Amino acid sequence: MAEPLGDWTRTHTCGALRADDVGADGVLLGWVHRIRDLGGVTFIDVRDREGVTQVVVRENEGLMAAAKRLRPEYVIGVKGVVQRRSDETVNTKLATGEVELLVREIRILNEARTPPFQIADDSPVSEEVRLKYRYLDLRRSRLQLNIGLRHRVTMAVRRYFDANGFWEIETPILAKSTPEGARDFLVPSRVHPGEFYALPQSPQIFKQILMIAGMDRYFQIVRCFRDEDQRADRQLEFTQVDVEMSFARADTVYGIIEPLMQQIFKEIGREAAVPILRMPYDEAIAKYGSDKPDLRFGLAIRDLSDVFRDAEFRVFKEIVAGGGVVRGFAVPAGNRYTGNQIKGLENQAKEMGLAGLISVRPGPPPTSTVRSLSETTLERALEIAGASRDDLLLMAAGPADATSRLLGQMRLAIAKKENLVAPDAYARLWVTEFPLLEFHEEDGRWYSMHHPFTAPLDEDVDKLETDPGAVRAKAYDLVLNGSEIGGGSIRIHDARLQARMFRRLGISDEEAKLRFGFFLEALEYGTPPHGGIALGIDRIVAILAGESSIREVIAFPKTANALDLMAGAPSPVDSKQLRELHLKPQG
Ligand code: ASP
């Protein structure tokens, strides 16, 4: 039976009481976390969002009867006096651990069914059960901390942008198809039969129009929707810190985002150094085999082609002569690997699609899995790769990008296996000068690597028609620990160049008019140069919280299979609703 709260007011949260409060009267309101019934005395840990406080019920005035009824997760109020804990019960791990509340009155505000898993301990529970009972999962300390961190990060973001003259402006959720290139979520219109709104994949067009509208500096913490297959760690809806600035160059954007990252890192008590390293895309691919390199460890890939141009090893020599490369990296202390371990690496490489992984031991004399290589060749390769006597050099050959990408995967696998990543290391960088376009063999067309509003580098514009693959973009990604946490660009602000861009993408003038006509028209009314970025707040908070999945920092995430297990979405709707929306029931 539930008792009313009556006139009780909370005096302290369950995380507040300290030795200074000894002697004070207190009212705590919260959940029963743990109960220890020792006969004449019962200890109850009471929990709320702020922490846990021990309360003591001693045998007197009928309090015991109430104490005996308590079960974990009952909601209670306790009134009493703060006292120092006896020396043997002081708990140094708990912020409130020096004190306890000696109870004079208990109110059972609500009972609780036995939860399907314990809230008080962190023992593993299947993800399915966690998501079905998300409200209970959210009571556990892991998610309380994560959701609290997320709140602090979003507040830091809002404070920062406000202080820097950005206005938070909302943009429509019921919108028109946008150009990010994923599948849209469509919402049928009841009033306009056969027509649909699209949920925004991002507010890209709106934020650019806000610049045309003279809003100068915009930000928004905004939900974006992409109907993608749930590979990797994605959600159908996710949150971006969306930013756009007038009269911006890439440097202007970096200059705004870097101090923001410092503010965000303060929320976990870490300094973030600025300026953040900048690395052109080409270099990131060549040296790390990735456009989002993880720089928490070395293992940089070096180009060894010169060594093998005239070397005795025919396979490498021919690859280099044919325009390919030989590349490799040194595994620190890898020289201790046994023959079997090296075989293991080669097999792993094969699984990743890297057929010819070749290893070199420093010696003396240096030796390689390829026996025909001379000592001089090996010495040179080791030297260029920066391999020391304890290291093992791994090499591969083939087309430049593909070889680096495969070695890049090896690099990540080895870092993981060798524990080269310190758990509290953070490495940030900007990857800059992305290619503007990429060619898709399937349909023989060029696609935007970012989105079609991204501006080409001024010096590359002329190549748009003649050598599209060589055009670099004024686009940048922000990378943290090998994850892309943000991306953006300086935009095309000239209507003619924008039209040329659509043509380059094989979008006919009619189609461009149909899909983006309103935007092309807006561009003609005095558009300032502008640019921006969007940061993925789910991923940022997950990394700061030390979580590998963004589901751990979203209050109500969907499963990898796109289901809301708690509310049971998606779900069928009745045929009346369908008819109103001019949709035919299935089957
Ligand atoms: N709208 C882009 C995205 O969501 C980001 C940007 O260009 O600002 O990826």
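For ligands, and for the atoms within them, numbers begin at 1 and follow the listed sequence. Keep in mind it's a predicted model, so treat the numbers as computed, not measured. The first residue of the sequence shown is numbered 1, and numbering continues consecutively from there.
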For Arg134, salt bridge (charged side-chain N to carboxylate O under 4.0 Å, His left out) partners two or more places apart: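 Partners of Arg134 by the salt bridge (charged side-chain N to carboxylate O under 4.0 Å, His left out) criterion, ordered by chain and then number, come out as Asp137.
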Set of residues satisfying salt bridge (charged side-chain N to carboxylate O under 4.0 Å, His left out) with respect to Arg411, sequence neighbours excluded: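 By the salt bridge (charged side-chain N to carboxylate O under 4.0 Å, His left out) rule, Arg411 matches no residue at all.
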Going by distance only, is there an N or O of [X] that falls short of 3.5 Å from an N or O of ligand 1?
{"X": "His450", "answer": "yes"}
{"X": "Gln201", "answer": "no"}
{"X": "Arg491", "answer": "yes"}

[X] neighbourhood, listing ligand 1 atoms whose heavy-atom distance to it stays under 4.0 Å:
{"X": "Ile533", "value": "8 (O)"}
{"X": "Gly488", "value": "6 (C), 7 (O)"}
{"X": "Gly487", "value": "5 (C), 6 (C), 8 (O)"}
{"X": "Ala534", "value": "5 (C), 8 (O)"}
{"X": "Lys207", "value": "6 (C), 8 (O)"}
{"X": "Ser202", "value": "1 (N), 4 (O)"}

His151 NE2 to Ile147 CD1 distance, which is reported to the nearest 0.5 Å: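 That separation rounds to 11.5 Å.
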For ligand 1, which part of [X] has a heavy atom less than 4.0 Å away: the side chain, the backbone, both, or neither?
{"X": "Gln240", "value": "side chain"}
{"X": "Arg226", "value": "side chain"}
{"X": "Val243", "value": "neither"}

Charged N-O contact under 4.0 Å between Arg142 and Glu552: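 Yes, Arg142 and Glu552 are salt-bridged.
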Check ion pair Lys558-Glu237 (N to O, under 4.0 angstrom):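 Judged by the 4.0 Å cut-off on N to carboxylate O distance, Lys558 and Glu237 do form a salt bridge.
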Over-ring placement of Arg445 relative to Tyr447, 6.0 Å and 45° cut-offs: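 Flagged: Arg445 positioned over aromatic ring of Tyr447.
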Ring centres under 6.0 angstrom apart (Phe206, Phe519):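 Not under 6.0 Å, so no.
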Tyr218-Asp242 side chain donor-acceptor pair, cut-off 3.5 Å: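 Short answer, yes.
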